[in-house]
Student: 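Sharing a structure below in structure tokens format, with a few things to ask.
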Amino acid sequence: MTAAQNANPKPGLWQTTTTLISVVPELQGEAKAAIDKLREPQVESICVSGTVPKIGETAFNLPCRYSKIADEGSRVQREAVCTGQDTVTWTGVRSSNDYDFRIEVKKIDPQSGRTLRTVVTQERGRRLGDC
């Protein structure tokens with residue numbers, strides 16, 4: 001991936017691989033067992049439109065809206081605020097045919113504003129062709 005490439009994603013069929021990096025604090029019991037399964041890379045193929053999000057738009061069908069988009073060339077930095085003040089942050093690099101993002105999800109206590117849990121994943125994607 002080079003910075004000179006057009007950084008907007010091409011529409012089409014994309015393969016994404018998501019790997020759980022960390023959960024802090026660690027979960028216990030059944031919840032830990034479920035999360036441990038996610039430590040293995042999760043691969044899926046999806047059709048994407050190639051549109052670039054705007055402030056206030058819904059983020060990836062989540063109960064979240066983009067609050068910051070600071071993309072510059074191939075660099076991506078985005079934040080979304082979700083129901084209950086939870087936040088999602090994406091940082092990484094992309095081109096029109098691939099990307100590599102670190103995604104951090106913070107579960108926030110709406111009463112105190114304190115971070116209850118932070119989940120970090122690595123997501124890599126590549127364009128496979130047309131849908």
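In what follows, residues are counted from 1 in the order of the sequence shown.
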Student: For Thr18 and Glu123, test the side chains for any donor-to-acceptor distance below 3.5 angstrom and give the result as yes or no.
Tutor: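 Result is yes, a qualifying pair exists.
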
Student: Using a 4.5 Å cut-off on heavy atoms from C-beta on, say whether the side chain of Ile103 contacts that of Val88.
Tutor: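 Yes - at least one pair of side-chain heavy atoms lies under 4.5 Å apart.
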
Student: Checking side-chain contact (heavy atoms from CB on, under 4.5 Å) against Leu20, which of Asp36, Thr121, Val120 comes through?
Tutor: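 Looking at Asp36, Thr121, Val120, the match for Leu20 under the side-chain contact (heavy atoms from CB on, under 4.5 Å) is Thr121.
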
Student: Going from NZ on Lys106 to CG on Leu116, what distance comes out if it is rounded to the nearest 0.5 angstrom?
Tutor: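 The NZ atom of Lys106 sits 11.5 Å away from the CG atom of Leu116.
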
Student: Centre-to-centre under 6.0 Å for Tyr99 and Trp90, is that the case here?
Tutor: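 When the ring centroids of Tyr99 and Trp90 are compared, they turn out to be at least 6.0 Å apart.
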
Student: Counting only heavy atoms not in Arg39, do more than 12 fall under 6.0 Å of its CZ?
Tutor: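 More than 12 heavy atoms, drawn from other residues, nucleotides or ligands, come within 6.0 Å of this atom.
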
Student: Distance check, rounded to the nearest 0.5 Å: Asp100 atom CG versus Arg124 atom CZ?
Tutor: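 It is 4.0 Å, given to the nearest 0.5 Å.
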
Student: Spell out, yes or no, whether Leu128 and Val48 are grouped together once hydrophobic residues are joined by side-chain heavy atoms under 4.5 Å, including indirect joins.
Tutor: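 Result: no, two separate clusters.
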
Student: Tell me, yes or no, whether the heavy-atom count around Glu30 atom CD, taken from other residues, nucleotides or ligands under 6.0 Å, exceeds 12.
Tutor: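 Check fails, neighbour count at 12 or below.
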
Student: Test side-chain contact (heavy atoms from CB on, under 4.5 Å) on Thr118 and Glu104 and set out the steps.
Tutor: CA-CA 7 Å; Thr118 302; Glu104 182 178 276; 3.6 Å; yes

Student: Tell me, do Pro9 and Arg127 make a side-chain contact under 4.5 Å, heavy atoms counted?
Tutor: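 Pro9 vs Arg127: side chains apart.
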
Student: Closest heavy-atom contact between Ser49 and Thr51?
Tutor: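 Closest approach of Ser49 to Thr51, heavy atoms only: OG-OG1, 3.0 Å.
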
Student: Strictly distance-based, threshold 3.5 Å: is any side-chain N or O of Ser95 a donor or acceptor partner for the main-chain N or O of Asn97?
Tutor: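 Looks like yes, one N/O pair under 3.5 Å.
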
Student: For Ala80, does its backbone N or O pair with a side-chain atom of Arg65 as donor and acceptor, under 3.5 Å?
Tutor: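 Flag not set: sc Arg65 to bb Ala80 has no pair under 3.5 Å.
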
Student: Is any side-chain heavy atom of Val93 less than 4.5 Å from a side-chain heavy atom of Val76?
Tutor: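 Sidechains of Val76 and Val93: no contact.
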
Student: For Cys64 and Thr58, run side-chain contact (heavy atoms from CB on, under 4.5 Å): C-alpha distance rounded to whole Å, both residues' side-chain angles, the deciding distance at 0.1 Å, then the answer.
Tutor: CA-CA 6 Å; Cys64 310; Thr58 300; over 6 Å; no

Student: With rounding to the nearest 0.5 angstrom, report the CD1 to OG distance, Ile35 to Ser22.
Tutor: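 Atom-to-atom, Ile35:CD1 and Ser22:OG are 10.5 Å apart.
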
Student: How close do Phe101 and Arg94 get, heavy atom to heavy atom, and via which atoms?
Tutor: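 Result for this residue pair: CE2-CB, 4.3 Å.
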
Student: Using 0.5 Å steps for rounding, measure from the OG1 atom of Thr91 to the CZ atom of Arg102.
Tutor: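 One gets 6.0 Å once the value is rounded to the nearest 0.5 Å.
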
Student: Please round to the nearest 0.5 Å and tell me the distance separating atom CD of Gln111 and atom CD of Gln85.
Tutor: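 Answer for the CD-CD pair, Gln111 versus Gln85, is 9.0 Å.
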
Student: Before you tell me yes or no, could you show the steps for Val105 and Thr87 under side-chain contact (heavy atoms from CB on, under 4.5 Å), namely the whole-Å CA-CA distance, both residues' side-chain angles and the distance that decides it to 0.1 Å?
Tutor: CA-CA 6 Å; Val105 179; Thr87 62; over 6 Å; no

Student: Would a hydrophobic clustering, with Ile, Leu, Val, Met, Phe, Trp and Tyr connected at side-chain separations under 4.5 Å, put Ile55 with Val81?
Tutor: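 The answer is no; the residues belong to distinct hydrophobic clusters.
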
Student: Looking at every heavy atom in both Trp14 and Ser96, which two are closest together, and how far apart are they?
Tutor: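 For Trp14 and Ser96, the tightest heavy-atom pair comes out as CZ2-O, 3.4 Å.
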
Student: Flag the pair Asp71 and Lys68 as a salt bridge only when some basic side-chain nitrogen lies within less than 4.0 angstrom of an acidic carboxylate oxygen.
Tutor: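 No.
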
Student: Please lay out, stage by stage, how Arg126 and Gln15 fare under the test side chain to side chain donor-acceptor pair (under 3.5 Å).
Tutor: CA-CA 6 Å; Arg126 65 186 176 102; Gln15 180 182 66; 3.2 Å; yes

Student: Measure from the side-chain N and O atoms of Asp86 to the backbone N and O of Ile108, and report whether any donor-acceptor pair falls under 3.5 Å.
Tutor: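 Side chain of Asp86 to backbone of Ile108: a pair is present.
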
Student: If we ignore hydrogens and angles and just use 3.5 Å, is the side chain of Arg117 paired with the main-chain N or O of Pro25 as donor and acceptor?
Tutor: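 Yes.
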
Student: Drop me the distance from Gln42's CD to Thr19's OG1, to the nearest 0.5 angstrom.
Tutor: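 It comes to 8.0 Å.
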
Student: Does any N or O in the side chain of Glu40 come within less than 3.5 Å of the main-chain N or O of Lys37, such that one atom is a donor and the other an acceptor?
Tutor: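 It does not hold such a pair.
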
